[in-house]
A.B. asks: 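This structure is in structure tokens; I'll ask about it shortly.
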Amino acid sequence: MLVSAGLAVGASIVVPLVMQRVVDGPVRHHDQNGLIWFGLAALALGALEAFMVFLRRWTQSYASLSMEADVRDDLYAHMQKLPLTFHDRWQSGQLLSRAITDIGSLRRFLSFGVIYLIVNVCQYIVVVVLLIRLYPPLGALVALSAVPLFLISRQFAKRFLRVSRQVQDAQGDLATYVEESAHGIRAVKAFGRRHHMFTRFTANADKVYQLAVQRARLDSRFAPLYELIPNLSLAVIIVVGAVAVVQHHMTLGQLVAFATLQMGLVWPVESLGWILASGQEAMTAADRIYDVFDTEPTVVDRPGAIDLRRDQLRGAVRFSDVRFSYPGSDTPVLSGIDLDIAPGETMALVGVTGSGKTTAVSLVPRLYDVTGGRITIDGHDVRDCTLDSLRRNVATAFEEPILFSMSVRENLALGRPDATDDDLAEALRVAQADFVYELPWGLDTRVGEQGLSLSGGQRQRLALARAVVSRPKVLVLDDPLSALDVNTEALVEEALERVLAGTTALLVVHRPSTVALADRVALLEDGRITAVGTHSELLATVPSYRAVLSAEADDRPDLLPEGKGVAAR
Ligand SMILES: Nc1ncnc2c1ncn2[C@@H]1O[C@H](COP(=O)(O)OP(=O)(O)OP(=O)(O)O)[C@@H](O)[C@H]1O
């Protein structure tokens, strides 16, 4: 790339020197034959320059676009490795703008800016040396013009860098806002807050606009200086050069070559402003991209991590003095949980809202790592197991079901790519999600964002089927039936009981009706497990357990004590 760019510039530099020979030779001596040879030489040089420009662009486009694709792949792969604590902190729009806009800025600079910067600086040096050799006083003047150029560039770069970072950050905030508004469009419409949201949007958009204008003004203040300096030098060259020709200090051909070479420098110098601006943008873009790359994945395989083999796994889960605080928070969510879940047992976790149930179950597949104590599966600390094998054997379904813009089949097979249609059918039966066969293209119907819209309960059932289809040894269900009506819930529970028979399950429960699935229940209070027992034991002996469930008791009165019957297991 650089060779072809260098050759192209070399050809363009040689042309003025050929012109010097033409003017001082054939033109001066009226030699028509000589003129033809020089004409052919100039033509060949022009063709060489054009070919080299083509070659540079061709290779440069390929190299820079491949680089862009590679960096984007690496960034995405890195983001996937980063822990949830990172994603909790970062706005999605900021990640989006880094993955799309910033990598694009980097590519533009590396494909054009860097090459022009190197080639233009080399061209400047070579031309100045040639000019000094042609006529030293004027050559020295052109060389000196580099001093103000350098000072201007330094000033420009310093100021542009700051504004450029502000623009890119503001664009990230705007992307986050647009994304959130699109996601939350139902709430916006339902509360009739369209105008309010629009006002907030315009405030964000206006910030981007103001900063972009500030950046453009900075650019336009400095750009004329880059134009002025080489043109001023050219004017001086023409006047002083003409005097030098008249006084026979240089030939007319030398002046023509001198002026042509100097004119050839006008564009490289002019473009310096654009190159510097694009360089500053690329620097801030690289900074922003490295904010992500520099974040170390903390939930990773330890050296010597073991593979949990499904055929050797019994599924005994133990929490031993498990503690957890979210980063940046002084208040521990879990302050020493001890809990034993036997292989094949279904343990429900009950607690008031915000007591840390979701947090506790998220620690089993290492969505977060414990900050104290340990969680073991069959005696192996989950942090000593490979993440792949851990997450293959511990399947999770959350209350908030996330479906991707893929077919139903792809969504279901996320945790088990080799699942057959029979496996999927079985999982769908358990989750009472047979409705998918009624969709326009059955299992091939695209759902999720921009796909077919499903109800909350339908999405939840698909997420449950997805967890079940991977036939995990340990199943973590975070209130997965909350969006179902009582009848469907009863059907799912009935089918789920068969699945749970051979699976260790940890179940976050809000509704008393779901407690019926559990063999035992653990009550989470103030970051600790304060009671463990069967549902009926706890109802009978632990007042706070009754208090937690009473708010939800209306839909299953049979689960309440005091003469209403107890669904003990
Ligand atoms: N990503 C997070 N970053 C910081 N704090 C968090 C985060 N997620 C939850 N918390 C805090 O941790 C505490 C426990 O939250 P968690 O979601 O585990 O409770 P929960 O018992 O599952 O609640 P609910 O019953 O309402 O679902 C809460 O005080 C919550 O504010």
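Order of listing sets the numbers, starting from 1, for every ligand and every atom in it.
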A.B. asks: Salt bridge check: are Arg288 and Asp291 linked by an N-O gap of less than 4.0 Å?
C.D. replies: no
A.B. asks: Is there a donor-acceptor pair closer than 3.5 Å between any side-chain N or O of Asn393 and the backbone N or O of Ser389?
C.D. replies: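 Yes: the side chain of Asn393 pairs with the backbone of Ser389.
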A.B. asks: Report the residues that fulfil salt bridge (charged side-chain N to carboxylate O under 4.0 Å, His left out) with Asp418, sequence neighbours left out, ordered by chain and then residue number.
C.D. replies: Arg416
A.B. asks: Begin from the C-alpha positions of Arg409 and Asp421 and carry the test salt bridge (Lys or Arg N to Asp or Glu O under 4.0 Å) through to its verdict.
C.D. replies: CA-CA 9 Å; Arg409 187 194 307 280; Asp421 276 4; 2.5 Å; yes
A.B. asks: Heavy-atom cut-off of under 4.0 Å around ligand 1: list whichever protein residues fall inside it, by chain and number.
C.D. replies: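 Lining ligand 1: Asp88, Tyr326, Val333, Val352, Thr353, Gly354, Ser355, Gly356, Lys357, Thr358, Thr359, Tyr368, His510.
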A.B. asks: Are side-chain heavy atoms of Leu506 and Ile341 found at a separation under 4.5 Å?
C.D. replies: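 The answer is yes; the side chains approach within 4.5 Å.
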A.B. asks: Is a salt bridge present between Asp338 and Arg374, judged by a nitrogen-to-oxygen distance below 4.0 Å?
C.D. replies: no
